[in-house]
Amino acid sequence: MADEKSTGKRTLGVVEGRDSISEEAKAAAAEATVNEQIEALKTEISRLKESAGLIAEGTGQLAVAKAESLREELRQTIQANPLATLAGAAFIGYLCGLRHR
């Protein structure tokens, strides 16, 4: 009773209990919000992984297509100019021979 007179306030167990429950509820709500955000981020990361995989696959297919196109163009050039190709190969062989002396 001396404490009640000095502060002018009475403390009741019910009021204190309500405050602790509200703190616990706030903490639980905050944790739930954080968990929802984590799940949303995990979902977004999986979507980004899938997109990156598709981009990598498309890039690989493009590289293969360009290599095949270059090979076909080289083949056509060799067939159109066999003597120039032979002279070029001989020159490259000569240069390699000079280098290894």
Side-chain angles (χ1 to χ4, degrees):
M1 287 207 161
D3 289 334
E4 292 175 6
K5 290 181 181 177
S6 65
T7 60
K9 295 182 181 178
R10 286 205 283 172
T11 57
L12 298 175
V14 177
V15 174
E16 288 177 3
R18 191 180 319 152
D19 288 340
S20 65
I21 291 173
S22 102
E23 292 294 325
E24 290 173 3
K26 287 179 186 177
E31 186 176 340
T33 302
V34 169
N35 288 337
E36 288 175 9
Q37 290 175 348
I38 289 172
E39 289 301 318
L41 288 173
K42 285 180 181 179
T43 304
E44 187 64 26
I45 287 171
S46 68
R47 287 183 195 155
L48 288 173
K49 282 182 182 179
E50 184 179 334
S51 296
L54 292 174
I55 289 171
E57 182 180 335
T59 303
Q61 290 174 354
L62 180 63
V64 167
K66 283 194 175 203
E68 289 176 0
S69 173
L70 180 64
R71 184 177 55 108
E72 186 60 33
E73 287 178 18
L74 183 63
R75 183 175 169 212
Q76 288 176 357
T77 303
I78 290 171
Q79 285 179 349
N81 302 315
L83 292 178
T85 303
L86 182 62
F91 181 68
I92 291 172
Y94 177 75
L95 291 177
C96 288
L98 285 177
R99 185 173 179 213
H100 290 299
R101 269 192 182 185

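All residue numbers refer to positions in the sequence shown, counting from 1.
- Nearest heavy-atom pair, I78 versus T85, reported as atom, atom and distance to 0.1 Å: CA-OG1, 3.6 Å.
- A side-chain donor-acceptor contact under 3.5 Å links T77 to the backbone of E73.
- Taking a 6.0 Å sphere around CG of L83, one finds it holds 12 or fewer heavy atoms contributed by other residues, nucleotides or ligands.
- Atom CD of E72 is surrounded by more than 12 heavy atoms from other residues, nucleotides or ligands within 6.0 Å.
- Residue E50 holds its CD atom at 14.0 Å from CD1 of I45, rounded to the nearest 0.5 Å.
- The closest side-chain heavy-atom distance from E39 to E36 is not below 4.5 Å.
- Checked for salt-bridge contact, E44 and R47 meet the test: a charged N lies under 4.0 Å from a carboxylate O.
- The closest side-chain heavy-atom distance from K66 to L62 is below 4.5 Å.
- Distance check, rounded to the nearest 0.5 Å: CD1 of I38 to OG1 of T33 gives 11.0 Å.
- Between R75 and R71 the shortest side-chain heavy-atom distance does not fall below 4.5 Å.
- Here the straight-line distance linking atom CG of L70 with atom CD of E68 works out to 11.0 Å at 0.5 Å rounding.
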